[in-house]
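All remarks here apply to the structure that follows.
Throughout, a chain's letter reflects where its sequence line sits, starting with A, and its residues are numbered from 1.
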Number of protein chains: 2
Amino acid sequence: MTEQHEAPGGVSGRALQKDIPQATVARLATYLRVLAMLADDGVAIVSSEELAVAAGVNSAKLRKDLSFLGPNGVRGVGYDVAKLRSRIEDVLGLSQGHRVVLVGAGNLGRALVGYGGFQRRGFTVVGILDSDPAVIGMPVAGLVVRDVAELAAAVAELEPTIAVITVPDDAAQDVCDRLVAFGLQSILSFAPCELVAPATVEVRRVDLAVEMQMLSFERVRNAEQAPLPVAHAGSGRIAHRLPTSHPALQHSATPHTATSHTATEPSSKGSVVTP
Amino acid sequence: MTEQHEAPGGVSGRALQKDIPQATVARLATYLRVLAMLADDGVAIVSSEELAVAAGVNSAKLRKDLSFLGPNGVRGVGYDVAKLRSRIEDVLGLSQGHRVVLVGAGNLGRALVGYGGFQRRGFTVVGILDSDPAVIGMPVAGLVVRDVAELAAAVAELEPTIAVITVPDDAAQDVCDRLVAFGLQSILSFAPCELVAPATVEVRRVDLAVEMQMLSFERVRNAEQAPLPVAHAGSGRIAHRLPTSHPALQHSATPHTATSHTATEPSSKGSVVTP
DNA sequence: GCATGTGAACCCCTTCACAGCC
DNA sequence: GGCTGTGAAGGGGTTCACATGC
């Protein structure tokens, strides 16, 4: 039915981000952060090798990732930092920024409103709501906590493109349902429970306990392979290893090994219900 | 050198969690949460199908995951909830619980101390530190913020097994280096930058902006495939869809589609530096 | 000469289907 | 009969190595 000949149609071959691997999408976000740092430092051109080291991946993977966006570099030279940056922002749909509404003004919710990292990367928190009379009306980082009962009105008025759920887990599904009913299509939840939503709605979940449990397992795994790590922890004085000023691009290898396991990666897309 | 014939040796075939896929480890943590809910509800036996639905995966994947831990169920019957639960806790190294120290008492750090989800899943926050004189000495959820200058003493005294970094990104590497020097082997960082650490140290990173950017992209992708989602958001009154009481096991399929993209998945293990 | 872009091999993970066991 | 456990098939992502183009 309707075979969808992917005729790009529009002027200037824009889209075709039909099938970019999710793993790649996650890394594009990382590259973006590094590119922003480079731009701030006045770097104009960067090679795949340099960018890759700064982002903690290998250069072949980086080039493959970027190749999904079409040609973005100049052979024998490298990538134009500004151009690549705006290309990635364009593909990720970040060009016009995002308006974020937060549901749940507990510890975590209030912390996120004040978190500068969002604003810096183009996400503006435009509203925060809660059901607890004790916090409704409370000012938080320039916003006032609104009653979640006026969620419909708040959504209509603030026109958020993304919603973040930071309510207790037994309230999460309810909030999610209502957000969906009011038109939200992108939801990030911190509640440690599965959320069901229509297939057209994108729901991502961040479970902090899961992250810690994975850390826990890796320690078990490592301890099993290595015989005895001589685990004498902090005794008296230890050699500080502070400086090593990193000017964004820290080319040469460190005595350490880059081992940041960035949490990210969706799982099954589409229907998962009983077949 | 030393070919390591994996002779299980010890009594009662315990370990052999040598090569459990990381993807599986991430899901084991999820299963654990569901099993805890079931146990609270007094459920004693659960089938792979039921557990899978509750965890948002398909049953074949769940059985495959559990098979890495050895036989844990009874054919024709299902899994013993209590037994399976303690088996997974054992494999993940959660049996004795974990002591967590937090570095960075900003909005996020203080929020995490108060977050009940950790304690409930066996992670006890035993200390929080910061460098800002304005917050040092401040009481936070039963703890007092200590000076990060006494990090060595705090680590020696509190004996944490996991450290969480919630400092601004330009201080993160420094804090990480010191934690490693003081013997920490498992680190979870919320700073949006790569951290370098010895290969023996496990570093995981949670980047909230990346999660949002992935949401952003999926919206672009969906919008591209679907012609026009008729995006008339919250107008006046909308049908509330609240109740649907879920008694932990909500067997039958919902009108919705389970679409929780749980964030999780490490990337490359081991050396990533220039070869 | 040098760095990008990419086909192909490789590996990990998911999915299927069924054998095995209660 | 029913449900677990698992070999085998399939797909997605990573790595390699080189062709391509400045």
Side-chain angles (χ1 to χ4, degrees), chain A residues 16 18-28 30-31 44-53 55-81 83-84 87 251 261-262 264-275, chain B residues 13 16 18-28 30-31 44-53 55-81 83-84 87 251 258 261-262 264-275:
Chain A
L16 59 138
K18 308 172 306 174
D19 30 42
I20 301 181
Q22 301 102 325
T24 292
V25 174
R27 286 190 298 265
L28 286 176
T30 301
Y31 304 153
I45 300 288
V46 68
S47 73
S48 66
E49 181 62 32
E50 293 168 320
L51 228 187
V53 170
V57 302
N58 78 41
S59 62
K61 189 186 288 183
L62 180 135
R63 287 199 301 279
K64 182 67 116 188
D65 284 341
L66 295 184
S67 76
F68 288 106
L69 319 185
N72 286 99
V74 180
R75 297 176 192 231
V77 181
Y79 299 94
D80 181 300
V81 172
K83 200 172 296 180
L84 182 56
R87 175 69 181 135
H251 221 154
H261 293 332
T262 308
T264 300
E265 152 82 356
S267 41
S268 46
K269 174 81 188 174
S271 55
V272 190
V273 210
T274 42
Chain B
L16 57 139
K18 308 173 305 172
D19 30 43
I20 301 181
Q22 301 102 325
T24 292
V25 175
R27 286 189 298 267
L28 286 177
T30 301
Y31 304 154
I45 300 287
V46 68
S47 73
S48 66
E49 182 62 31
E50 293 168 320
L51 227 187
V53 169
V57 303
N58 77 42
S59 63
K61 190 187 287 185
L62 180 135
R63 287 199 302 277
K64 182 67 117 187
D65 283 342
L66 295 184
S67 75
F68 287 106
L69 319 186
N72 285 101
V74 180
R75 294 172 195 234
V77 181
Y79 300 94
D80 180 300
V81 172
K83 201 173 295 181
L84 181 56
R87 175 70 181 136
H251 221 151
H261 293 332
T262 307
T264 301
E265 151 81 359
S267 39
S268 44
K269 174 80 188 173
S271 54
V272 190
V273 210
T274 41

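If you measure from atom CZ of Phe68(B) to atom P of dG7(D), you get 11 Å, rounded to the nearest angstrom. Here the C1' atom of nucleotide dA3(C) and the CG atom of Asn72(A) are 14 Å apart, to the nearest Å. Rounded to a whole Å, the CD1 atom of Ile20(B) is 17 Å from the C1' atom of dT14(C). Between the CG atom of Leu66(B) and the P atom of dG5(D) there is a distance of 7 Å, rounded to whole Å. Between the NZ atom of Lys61(B) and the P atom of dG12(D) there is a distance of 13 Å, rounded to whole Å. Rounded to an integer number of Å, the gap from Asp65(A) CG to dT14(D) P is 7 Å. Whole-Å rounding puts the Leu62(B) CG to dT15(C) P distance at 12 Å. Following rounding to the nearest Å, Leu84(B) (CG) and dT4(D) (P) show an atom-to-atom distance of 11 Å.
For Ala60(A), the side-chain contact (heavy atoms from CB on, under 4.5 Å) partners at least two apart in sequence or on another chain are Asn58(A), Arg63(A). Residues passing the side-chain contact (heavy atoms from CB on, under 4.5 Å) test with Val77(B), sequence neighbours excluded: Ile45(B), Val74(B).
Taking 4.0 angstrom as the limit, Tyr79(A) places a side-chain polar atom (N or O) nearer than this to OP1 or OP2 of dG5(C). Taking 4.0 angstrom as the limit, Ser47(A) places none of its side-chain polar atoms (N or O) nearer than this to OP1 or OP2 of dA3(C). Between Ser48(A) and the phosphate of dA3(C), there is no side-chain N or O to OP1/OP2 separation shorter than 4.0 Å. Close to dG13(D), at under 4.0 Å from its OP1 or OP2, lies a side-chain N or O of Gln22(A).
Along DNA chain D, the nucleotide nearest to Gly70(B) and the one nearest to Pro21(A) differ in position, and the one closer to the 5' end is contacted by Gly70(B).
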Can you tabulate the close N/O pairs, meaning under 3.5 Å, that link protein atoms to atoms of nucleotides 16-22 of chain D?
unit_1	atom_1	unit_2	atom_2	d
dT20(D)	O2	Arg75(A)	NH1	2.3

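Atom OG1 of residue Thr24(B) and atom CZ of residue Phe68(B) lie 5.0 Å apart, to the nearest 0.5 angstrom. Going from atom CG of Leu51(A) over to atom OH of Tyr31(A) covers 8.0 Å, rounded to the nearest 0.5 Å. Note that the OG atom of Ser48(B) and the CG atom of Asn72(B) stand 12.5 Å from one another [nearest 0.5 Å]. Between the CZ atom of Arg27(B) and the CG atom of Leu66(B) there is a distance of 10.0 Å, given to the nearest 0.5 Å.
Judged by distance alone, with hydrogens and angles left aside, the side-chain atoms of Arg87(B) form a donor-acceptor pair with the main-chain N or O of Leu69(B) at under 3.5 Å.
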